[in-house]
Structure formats: C-alpha cells, structure tokens
Amino acid sequence: RKIADRIEYSPAAIYSYFPSKDDIFFALAEEGFRLLSRADDGDTDRPDTMPPLDRIRSIFRGLYRFSCEHPQYFALMFVDRSVPKVTQYYERFAFVRDMKQQLIDQVQECIEAGEFPASLPPSVAFRVLSTSVLGIAMMRLSERLGPGENADDLAFDALEVAIAGLKSGVVLRTATSPC
C-alpha cells in the first residue's frame, strides 16, 4: 500500500504485476543486486587487469560505494529485517549465488598468488572482507558514527585491517558453512 501510494497506483494495480508483497521485494532485491554487480570503486583500471589483491580492494570498496549511492537498495538487501531473507530463497537468485562465488574465486586467486596463506578458507575470507565493509556501511546508514568520524575513511581502513589480518595468517575460528 505504501508503494502504491508513493507511485500513485492502486494496490490492486501493483498486485496485477506481483502476486505478493514478497514478490515485490524479490524484484527490488534483484534490481539492487544487479546494480551492485556493476558497482566499482572508481579506479581507472579495469578490475580484470589488476593484480588479485587490488581487485579484492576494488570489489569491496565498490560494495561500500554501492551502500552510499543506493542506500534504499542497500537497506532492503542487507539491513531491513521485515523483508524475506535472500539466503532463504536462494533458488530465486541464481545470479547472486554466482556473484558470491566469483568473489570467493577472487579470494582464491589471492591465495594462489601468495597474497593470503594457503590455509585460508576462501569463503571465510570472503565473509571477513564483506562484513568489514558492510558493518561500516550499516553504521553510516543508521547514523551510528560519532561526531567527526568519516564513514568513507573508516570503511576503507576496516577493509585494509581485514586484509592485513588475512595476510598475517591469523587463525580464523569462523565456520565455513554456507550462509
């Protein structure tokens, strides 16, 4: 109803396109993930020509920038607890699974290039890197940063600390079960 009011349509008109409220969410989430898949961090180099670790930096900085440029999509996809969880309906988001796997493969390339220890599980490293950036993005979005804190600098610093930790070979206790 809120969507219908905002776009000046009747709820019945919207439901002629979407069978349920969840289907509206899925359509919006899919559009958000498609936008995210095209996000970059503004580097002039093409990501596929960068060294593996620079590519990782670019990808995760792009994730943070996506949260700044598309806060409504970001909130819907990663924060809003009133919408269905994408992870519970993964079969509807095959390209999201593929996108996540590509990111895990990028981490594997860093391992193969000797940037990260061979003992590092790529899926765990992916989760550490993504939460380092997502956490700051959520704090910025919910206005939880202190006076004078710069969210952009903090996000990039958190990413660098996560990368440094992964490079150091610190033992991770994180389970490698799928999310």
Suppose we screen for side chain to side chain donor-acceptor pair (under 3.5 Å). Which residues come up paired with [X], at least two apart in sequence or across chains?
X	answer
Lys167	Glu115
Arg34	Glu30
Gln72	none

Could you measure the distance from the [atom1] atom of [X] to the [atom2] atom of [Y]? Nearest 0.5 Å is fine.
X	Y	atom1	atom2	value
Gln106	Leu129	CD	CG	11.5 Å
Leu63	Cys68	CG	SG	10.0 Å
Thr131	Phe126	OG1	CZ	9.5 Å
Ile14	Asp5	CD1	CG	8.5 Å
Ser123	Leu103	OG	CG	12.5 Å
Tyr15	Tyr9	OH	OH	16.0 Å

Considering all heavy atoms, the nearest [X]-[Y] contact:
X	Y	answer
Ser10	Ala4	C-CB, 3.9 Å
Ala118	Ile111	CA-CG2, 3.7 Å
Glu109	Arg55	OE1-NH1, 2.7 Å
Leu166	Ala125	CD1-CB, 4.0 Å
Gln108	Pro122	OE1-CG, 3.0 Å

Between His70 and Phe74, does the ring centre distance come in under 6.0 Å?
no
Indicate yes or no: at least one non-hydrogen side-chain atom of Met139 is less than 4.5 angstrom from one of Glu149.
no
Any non-hydrogen side-chain atom of Tyr73 less than 4.5 Å from a side-chain atom of Met77?
yes
Sequence neighbours left out, what passes side-chain contact (heavy atoms from CB on, under 4.5 Å) with Met99? Give chain and number order.
Phe33, Leu36, Ser37
Return yes if some donor-acceptor pair links the side-chain N/O of Ser58 with the main-chain N/O of Asp54 below 3.5 Å, else return no.
no
With a 3.5 Å cut-off and sequence neighbours excluded, list the donor-acceptor pairs that the side chains of residues 151-165 form with protein atoms.
residue: Asp152; atom: OD1; partner: Tyr64; partner atom: OH; Å: 2.7
residue: Glu160; atom: OE1; partner: Arg57; partner atom: NE; Å: 3.2
residue: Glu160; atom: OE1; partner: Arg57; partner atom: NH2; Å: 3.0
residue: Glu160; atom: OE2; partner: Arg57; partner atom: NE; Å: 2.7

Applying salt bridge (Lys or Arg N to Asp or Glu O under 4.0 Å), can you list everything that pairs with Asp105, at least two apart in sequence or on another chain?
none
